[in-house]
*Asks:* 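To start, I am sharing the structure in question, which I have written as structure tokens.
Counting begins at 1 with the first residue of the sequence.
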Amino acid sequence: MTAAATASVLEPVVARVDSILDAFLAERRGEALAVDASTVEPVDEIVRLIRAGGKRLRPACTYWGYRAAGGVGGPEIWRAAAAVELVHTMALLHDDVMDGDDERRGQPSARARQIAAARARGQHDAERVGIAVAIVAGDLAAAFAEQLFSTAGFPPERQAAGAARLARLRLELGLGAYLSVANLDVPPETVAYLKGGAYTVEGPALIGAGLAGGGPGVDEALRDFARPLGAAFQMLDDLADGDAGPGASPAQAASLVATARASLADRRLDPTAAEALDAVAALVGSL
């Protein structure tokens, strides 16, 4: 898969999702202004983080999981995919608080920016205030994700199926965040799966399949693809951060990516979607 082919799959996702998020968040900011002009800063932190970049892997997996299950493109799936990106935005805002990170996507994190702003205002407890504002921004991102997803516009039974899977994704994401800091005697692969793999590839793809009304066969085929790819994603992320466990290596991650790509020959998946998911896997392998 060439770099051009990979870009041709991901660029439309970025364009559509970002357009939806820009309009949706402008409405939410307007609502905050109507309450009081001084309340917009947590919403602005969400906007800043989204505009700072990102590959939009999770919306891409949502959309192509939908297509893999026979879904037809339309505004509904793009709204649902954008909602999944807002869940990721929540996770990043909260992660930067949990980890004490000062930078995100090449810019000051919300936590760091709000601490600096509180200090500039002369607040003696600037660190507490800055952390609290970042948490509030993350909470709002989660609430906005629910609002956007619930108004995507699918028929009720498909909307309910997708919502149940989104709830599962959020549960696993939260449990993974807990395990990552609790220092419990839990297998490292369990923590890695919940921290990144489950909500980066598998969860979004299954949300999309549920919204398309896909059956158990498609779900199984998507899991065969998503589980090794999610494991590779988390392994590469941990290697980059210096947090990888024993035995983790770029070669092992490459092997997992290859396993994921090989699974896409499964005839239960729409061939166009399978080709696009292969491009997503190629991107993960290049991280």
Side-chain angles (χ1 to χ4, degrees), residues 10-35 39-67 69 71-95 105 110 134-174 198-213:
L10 294 181
E11 285 174 3
V13 174
V14 174
R16 288 177 180 267
V17 166
D18 285 6
S19 176
I20 289 169
L21 290 175
D22 279 349
F24 178 79
L25 291 172
E27 291 175 358
R28 306 290 76 75
R29 190 179 194 277
E31 291 173 350
L33 279 171
V35 172
T39 65
V40 300
E41 188 59 21
V43 181
D44 286 345
E45 285 294 358
I46 299 170
V47 173
R48 289 187 191 107
L49 181 52
I50 287 171
R51 290 182 176 173
K55 293 175 283 296
R56 308 297 187 252
L57 277 175
R58 292 156 191 84
C61 289
T62 304
Y63 176 73
W64 290 111
Y66 174 78
R67 291 287 304 276
V72 178
E76 300 89 353
I77 186 56
W78 292 115
R79 286 178 66 84
V84 173
E85 182 64 21
L86 277 173
V87 173
H88 179 48
T89 303
M90 173 273 293
L92 296 181
L93 288 162
H94 285 173
D95 279 354
R105 292 175 176 168
I135 291 172
V136 170
D139 291 347
L140 283 174
F144 293 162
E146 293 289 344
Q147 182 179 0
L148 183 56
F149 192 90
S150 67
T151 58
F154 286 96
E157 67 280 3
R158 293 190 181 183
Q159 190 76 46
R165 294 179 179 203
L166 179 64
R168 179 69 184 187
L169 178 150
R170 291 191 59 189
L171 171 66
E172 293 180 341
L173 173 59
Y199 106 99
T200 301
V201 185
E202 182 176 344
L206 292 177
I207 289 169
L211 291 170

*Asks:* How close do Ala32 and Thr39 get, counting heavy atoms only, and between which atoms?
*Replies:*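 Ala32 and Thr39 have their closest heavy atoms at O-OG1, 2.9 Å.
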*Asks:* What residue pairs, at least two apart or across chains, pass side chain to side chain donor-acceptor pair (under 3.5 Å) with a residue in residues 147-161?
*Replies:*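 Sorted pair list: Arg79-Thr151.
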*Asks:* Do His94 and Asp139 have side chains that approach each other closer than 4.5 Å (heavy atoms only, starting at C-beta)?
*Replies:*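 Yes, close enough: below the 4.5 Å cut-off.
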*Asks:* Drop me the distance from Arg28's CZ to Leu33's CG, to the nearest 0.5 angstrom.
*Replies:*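 It comes to 12.5 Å.
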*Asks:* Please report the interatomic distance CG(Leu166) to CG(Leu206), rounded to the nearest 0.5 Å.
*Replies:*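 These two atoms lie 12.0 Å from each other.
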*Asks:* Is a donor on one side and an acceptor on the other found under 3.5 Å between the side chain of Arg105 and the backbone of Gly53?
*Replies:*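 Looks like yes, one N/O pair under 3.5 Å.
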*Asks:* Could I get the full list of side-chain contact (heavy atoms from CB on, under 4.5 Å) partners for Ala82, not counting sequence neighbours?
*Replies:*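 If we apply the side-chain contact (heavy atoms from CB on, under 4.5 Å) test to Ala82, skipping adjacent residues, the hits are Val17, Ile20, Leu21, Leu148.
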*Asks:* Who passes side-chain hydrogen bond (donor to acceptor under 3.5 Å, both in side chains) against Asp22, sequence neighbours left out?
*Replies:*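 Asp22: no side-chain hydrogen bond (donor to acceptor under 3.5 Å, both in side chains) contacts found.
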*Asks:* For Gly210 and Ala161, work out which heavy atoms get closest and say how close.
*Replies:*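 That closest heavy-atom pairing would be O-CB, 3.8 Å.
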*Asks:* With a 4.5 Å limit on heavy-atom distance, are the side chains of Cys61 and Thr200 in contact?
*Replies:*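 Side-chain contact under 4.5 Å: no.
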*Asks:* Donor-acceptor pairs under 3.5 angstrom involving side-chain atoms of residues 84-93: please list them, not counting sequence neighbours.
*Replies:*
unit_1, atom_1, unit_2, atom_2, d
Glu85, OE2, Arg56, NH1, 3.3
His88, ND1, Tyr199, OH, 2.6
His88, NE2, Arg58, NH1, 3.3
Thr89, OG1, Glu85, O, 2.9

*Asks:* Could you grab the distance from atom CD1 of Ile46 to atom CD of Glu41, nearest 0.5 Å is fine?
*Replies:*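 Answer for the CD1-CD pair, Ile46 versus Glu41, is 11.0 Å.
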*Asks:* List for me each residue that meets side-chain contact (heavy atoms from CB on, under 4.5 Å) alongside Arg168, sequence neighbours excluded, and say none if there are none.
*Replies:*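 Arg168 satisfies side-chain contact (heavy atoms from CB on, under 4.5 Å) with Leu171, Glu172 only.
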*Asks:* Give the minimum heavy-atom separation between Ala69 and Ala209, together with the two atoms involved.
*Replies:*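 That closest heavy-atom pairing would be CB-CA, 3.8 Å.
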*Asks:* To the nearest 0.5 Å, what is the distance between CZ (Phe144) and CD (Glu27)?
*Replies:*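 Answer rounded to 0.5 Å: 11.0 Å.
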*Asks:* I'd like to know if the side chain of Arg67 and the backbone of Gly73 have a donor-acceptor N/O pair within less than 3.5 Å.
*Replies:*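 Not at all, since once roles are kept as given, no pair shorter than 3.5 Å links the two residues.
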*Asks:* How would you list, by chain and number, every residue that makes a ring-ring contact (aromatic ring centres under 6.0 Å, His included) with Phe154, sequence neighbours excluded?
*Replies:*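 Here the qualifying residues are Tyr66.
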